Amino acid sequence: KKDTYEGITIVGRTMSGVVDLATLLFVFLIGGNLAAFLYAIMVLPIQQSHFFTVDPYATLFLTISLYLLIKKRIGWLLGLTVGLAIAAKISSILIIPVVVLALIKGLTLPTQGETLKKLAKFILAFLLTLRIFYPYLFDGWGLNQLVLDNWKALKAFEGVNTSFPPAIQWFGVPFWKPTMDIILHGLGFPLGILATVRITYHVSQVRKQKGNSMVLLLLWIFIILGYQSLQFAKAMRYFYPIYPALAVLTAQLLSRIQN
């Protein structure tokens, strides 16, 4: 039966696999065949698509949001996908600086009026989506104090003074450890080295590529990498949302080598 504890886990795992396939599709739409292939062989996404967790859903909606930003489609649909990402996992709010950068780039163009209209559509769609799909975040027109208190309680489980058993594993873990975990285990060592080379090169050329929308992917990678690496708990799945971007940028490197 699917409506039992054992049965619902199978349903959830199946849905996670379907959702990750959808993420693979958008990686293809952003970066082409090679990017999709690289994402398909990455270790962490394969693992996460076999578990009934929120992370595949957040990663899908964040990847769709990045696709829309790269294609300069700022409006209703972007507001919907960003709202769904945050409704799936609150840490998805880290996508907002990337949206802001894309909007700033739009405001420097001659079509400023059109950009402002798109911004208004984005904000309205974002707020409506968050209100509908994250209902317990709100109490009437304000934020739900119970949810805020729950977040504070969860935060209390972190830190060197905690006695919460699952938190003990994070004592003394340095900030650079997650990066090494991504290179060695999350991507797989060969792909991890290629991704590192690509990002290093991209950073060295960033001034020459200000007009390149792929800079948004680079910003996204550094936001997640920087923020999550400085948190007390540094689980590898917290970095899952950057794997599609890593696949796209690494595919670009391999294409340049091939050509």
Side-chain angles (χ1 to χ4, degrees), residues 15 18-32 35-36 39 54-144 147-148 151 206 209-224 227 240-245 247-249:
M15 287 301 300
V18 172
V19 166
D20 197 53
L21 284 174
T23 301
L24 180 66
L25 171 62
F26 279 92
V27 172
F28 165 75
L29 293 175
I30 297 171
Y39 181 77
V54 301
D55 301 276
Y57 295 87
T59 299
L60 170 61
F61 296 128
L62 289 167
T63 304
I64 298 174
S65 299
L66 290 170
Y67 167 77
L68 294 171
L69 288 170
I70 289 170
K71 299 298 182 181
K72 298 181 173 62
R73 298 178 184 174
I74 299 172
W76 297 108
L77 189 54
L78 180 64
L80 173 66
T81 56
V82 172
L84 288 172
I86 295 174
K89 192 171 185 179
I90 189 62
S91 60
S92 299
I93 200 170
L94 294 171
I95 192 71
I96 295 299
V98 183
V99 176
V100 170
L101 176 62
L103 288 169
I104 291 173
K105 290 175 66 177
L107 290 171
T108 61
L109 299 176
T111 57
Q112 290 185 20
E114 188 65 27
T115 302
L116 289 173
K117 290 180 182 178
K118 291 179 179 179
L119 173 60
K121 292 178 181 178
F122 164 77
I123 292 174
L124 181 59
F126 168 71
L127 293 175
L128 284 174
T129 301
L130 204 61
R131 186 65 181 87
I132 293 170
F133 290 95
Y134 203 169
Y136 42 85
L137 180 62
F138 300 92
D139 182 11
W141 293 102
L143 294 177
N144 187 343
V147 172
L148 300 180
W151 287 345
V206 71
Q209 302 183 48
K210 287 183 178 179
N212 189 340
S213 296
M214 292 298 170
V215 171
L216 298 175
L217 296 183
L218 189 67
L219 176 63
W220 175 237
I221 290 169
F222 278 110
I223 287 174
I224 293 293
Y227 176 80
Y240 183 13
I242 69 173
Y243 281 72
V248 172
L249 294 179

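Quick caveat, the model's predicted, so the values are computed rather than measured.
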Item checked: Separation of Leu60 CG from Phe26 CZ (nearest 0.5 Å) -> 7.0 Å
Notebook entry, point to check: If you measure from CD1 on Ile86 to OH on Tyr134, what distance do you get to the nearest 0.5 Å?
Noted result: 9.5 Å
Item checked: Residue pair Asp20 / Tyr240, side-chain donor-acceptor N/O under 3.5 Å -> yes
Check: Minimum heavy-atom separation for Thr63 to Pro244, with atom names?
Finding: OG1-CG, 3.4 Å
Notebook entry, point to check: How close do Ala247 and Ala35 get, heavy atom to heavy atom, and via which atoms?
Noted result: CB-O, 3.6 Å
Checklist line | Ala102 to Ile74 - nearest heavy-atom pair and separation | finding: CB-CD1, 4.2 Å
Item checked: Test side chain to side chain contact (heavy atoms under 4.5 Å, CB included) applied to Phe122 and Leu68, Leu127, Val82, Leu80, the passing residue -> Val82
Checklist line | Option among Thr23, Ile242, Val54 that satisfies the side chain to side chain contact (heavy atoms under 4.5 Å, CB included) test with Thr59 | finding: Thr23
Notebook entry, point to check: So, do Tyr67 and Val27 sit near enough that their side-chain heavy atoms are less than 4.5 Å apart?
Noted result: no
Next item on the list: Walk me through it: do Leu101 and Val98 pass the test side-chain contact (heavy atoms from CB on, under 4.5 Å)?
Entry: CA-CA 5 Å; Leu101 176 62; Val98 183; 5.7 Å; no
Next item on the list: Decide yes or no for Ile221 and Leu249: does some side-chain heavy atom of the first lie under 4.5 Å from some side-chain heavy atom of the second?
Entry: yes
Notebook entry, point to check: What is the minimum heavy-atom distance between Gly140 and Arg131, and which atoms define it?
Noted result: O-NH2, 3.5 Å
Check: Is any side-chain heavy atom of Pro97 less than 4.5 Å from a side-chain heavy atom of Ile223?
Finding: yes
Margin query: Check whether Thr129 reaches the backbone of Gly83 with its side chain - one donor and one acceptor, N or O, closer than 3.5 Å.
Written below: no
Check: Ala125 and Trp76: which non-hydrogen atoms are nearest, and at how many Å?
Finding: CB-O, 3.3 Å
Checklist line | Approximate separation, where rounding is to 0.5 Å, of Leu217 CG and Ile30 CD1 | finding: 6.5 Å
Check: How long is the gap from CG on Leu62 to CD1 on Ile224, to the nearest 0.5 Å?
Finding: 7.0 Å
Check: Under the ring-ring contact (aromatic ring centres under 6.0 Å, His included) criterion, do Tyr136 and Phe138 qualify, and how do the steps go?
Finding: CA-CA 5 Å; Tyr136 42 85; Phe138 300 92; 9.6 Å; no
Checklist line | Gap separating the NZ atom of Lys71 from the CG atom of Leu78, nearest 0.5 angstrom | finding: 14.5 Å
Next item on the list: Please report the closest heavy-atom contact between Lys118 and Lys72, naming both atoms and the distance.
Entry: NZ-O, 3.9 Å
